[in-house]
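Reviewing the structure listed below.
Chain identifiers are assigned alphabetically (A, B, ...) following the order of the sequence lines, protein sequences preceding nucleic acid strands; residue numbering begins at 1 within each chain.
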There are 2 protein chains.
Amino acid sequence: MKGDAFDPDCPTRLILDRIGDKWSVLVVLGLTGGPRRFTELRGLIGGVTPKVLTQTLRAMERDGLLTRTIFAEVPPRVEYALTPLGASLRRPIEAIAAWAEENVEAVVSARDRHDALA
Amino acid sequence: MKGDAFDPDCPTRLILDRIGDKWSVLVVLGLTGGPRRFTELRGLIGGVTPKVLTQTLRAMERDGLLTRTIFAEVPPRVEYALTPLGASLRRPIEAIAAWAEENVEAVVSARDRHDALA
DNA sequence: CAGGATCCAATGCGATACTG
DNA sequence: CAGTATCGCATTGGATCCTG
């Protein structure tokens with residue numbers, strides 16, 4: 001880890017902005033089990049609107065993290081799948097997710113303790 | 001990893017919101033070398049305004065990720081340091097940072113390729 | 001089914017100026 | 001030095017309705 005990430009103009013920031021988007025993280029998590037359709041993802045990820053999900057998917061497609069495949073059928077079917085690049089993101093993201101699940105409690109109680117004496 | 005993170009009401013989302021904040025990530029990175037003063041951090045992290053840095057630090061203190069120590073001196077000195085909890089975040093965060101540095105190029109070129117045929 | 005379009009409310013964030 | 005206060009734009013994100 002060089003100091004790169006500290007430079008506002010360093011492209012590394014681009015990645016952080018992407019990871020930083022919680023929807024992106026959840027999409028990666030949601031696609032770990034294989035390709036998913038739009039509505040599947042929408043249902044899987046609680047609280048996301050179609051608009052935002054679309055934006056997220058488009059941005060991730062642009063960044064080469066996933067593919068969007070349209071099947072010429074009726075009714076229309078579109079599948080999203082992780083690319084190898086996107087799949088390689090799983091490990092770090094799962095590390096974060098694991099940390100989150102392990103430490104939520106500590107964070108919440110720290111928060112409560114802090115708020116108690118406010 | 002259970003499906004927790006997909007539930008909008010699950011506290012795990014709280015963590016993602018925190019990690020999702022790019023400033024928090026950079027603060028953790030900036031404090032890996034030991035305690036730092038406000039201005040040091042400000043200088044270290046390019047492009048952050050005092051206001052936002054303060055907000056970030058306060059939120060992280062609230063969550064038990066770092067401590068804020070005021071020294072009764074003139075001129076005033078305030079040091080920020082990671083708590084054990086905050087320090088435990090380093091590993092997952094560095095995993096992300098490492099991924100970012102390894103794959104920025106791939107992402108940027110994917111983006112360029114995508115934009116080229118737009 | 002998979003979104004695109006539109007409108008709007010919230011707020012994040014930067015710039016600037018000021019204080020203990 | 002280490003912030004706080006205020007202003008204001010610009011972006012984000014939700015809600016809703018519509019279409020290939």
Item to complete: Give a yes or no on whether the backbone of A:Leu29 and the side-chain of A:Arg90 come within a donor-acceptor separation of less than 3.5 Å.
Response: no
Worksheet, complete the sentence: Here the distance between atom P of D:dA2 and atom CG of B:Leu41, to the nearest Å, is 10 Å
Item to complete: State which of D:dG20, D:dT6, C:dA2 makes the closest approach to the side chain of B:Lys51.
Response: D:dT6
Worksheet item: Do any N or O atoms from the side chain of A:Asp21 and from the backbone of A:Trp23 form a donor-acceptor pair under 3.5 angstrom?
Response: yes
Worksheet item: With respect to the side chain of A:Val52, which nucleotide from C:dA2, D:dG14, C:dC1 is positioned closest?
Response: D:dG14
Worksheet item: Counting side-chain heavy atoms from CB outward, which of D:dG14, C:dC1, C:dG3 is closest to A:Thr39?
Response: C:dC1
Discussion item. Let's see if you can work this out: which of D:dC1, D:dT4, C:dG3 has an atom nearest to the side-chain heavy atoms of A:Phe38?
Written reply: C:dG3
Discussion item. Whether the side chain of A:Thr56 engages the backbone of A:Ser24 through a donor-acceptor N/O pair (distance < 3.5 Å, no angle test) should be reported.
Written reply: no
Worksheet item: Are side-chain N/O atoms of A:Arg36 and A:Tyr80 paired as donor and acceptor at under 3.5 Å?
Response: no
Discussion item. What is the distance, to the nearest angstrom, from the CD atom on A:Glu40 to the C1' atom on C:dC1?
Written reply: 12 Å
Worksheet item: So which nucleotide from D:dG14, D:dT4, C:dG20 ends up closest to the side chain of B:Pro50?
Response: D:dT4
Practice prompt. For B:Trp23 and C:dC13, give me the distance from atom CH2 to atom P, rounded to whole Å.
Written response: 8 Å
Worksheet item: B:Arg42 near the nucleic acid: base, sugar-phosphate alone, or nothing, with a heavy-atom cut-off under 4.0 Å?
Response: nothing
Practice prompt. Assign B:Phe71 to base, sugar-phosphate, or nothing according to its heavy-atom contacts below 4.0 angstrom with the strands shown.
Written response: nothing
Discussion item. From CG of B:Leu53 over to C1' of D:dT4, roughly how many Å is that when rounded to an integer?
Written reply: 14 Å
Discussion item. So if I take every side-chain heavy atom of B:Arg58 and compare against C:dA2, C:dG14, D:dT4, which nucleotide ends up nearest?
Written reply: D:dT4
Worksheet item: Between A:Ser109 and A:Arg113, does any side-chain donor sit less than 3.5 Å from a side-chain acceptor?
Response: yes
Worksheet item: Using a cut-off of less than 4.0 Å, is there contact between a side-chain N or O of B:Thr49 and OP1 or OP2 of C:dG14?
Response: yes
Worksheet item: Is A:Arg77 near enough to C:dA2 that one of its side-chain N or O atoms lies under 4.0 angstrom from OP1 or OP2?
Response: no
Item to complete: Please determine if a side-chain N or O atom of B:Arg37 lies less than 4.0 Å away from the OP1 or OP2 oxygen of D:dA2.
Response: yes
Discussion item. Rounded to whole Å, how long is the line connecting atom CD1 of A:Ile45 with atom P of D:dG14?
Written reply: 12 Å
Worksheet entry | Length of the CD-C1' vector between A:Gln55 and C:dA2, whole Å | 15 Å
Practice prompt. Measure the distance from OH on A:Tyr80 to C1' on C:dC1 and round it to the nearest whole Å.
Written response: 11 Å
Practice prompt. Please report, rounded to the nearest Å, how far the C1' atom of D:dC1 is from the CZ atom of B:Arg36.
Written response: 17 Å
Discussion item. Is the phosphate of D:dG3 approached by B:Thr54 (side-chain N or O, under 4.0 Å from OP1 or OP2)?
Written reply: no
Worksheet item: Is the shortest side-chain N/O distance from A:Arg68 to OP1 or OP2 of C:dA2 below 4.0 Å?
Response: no
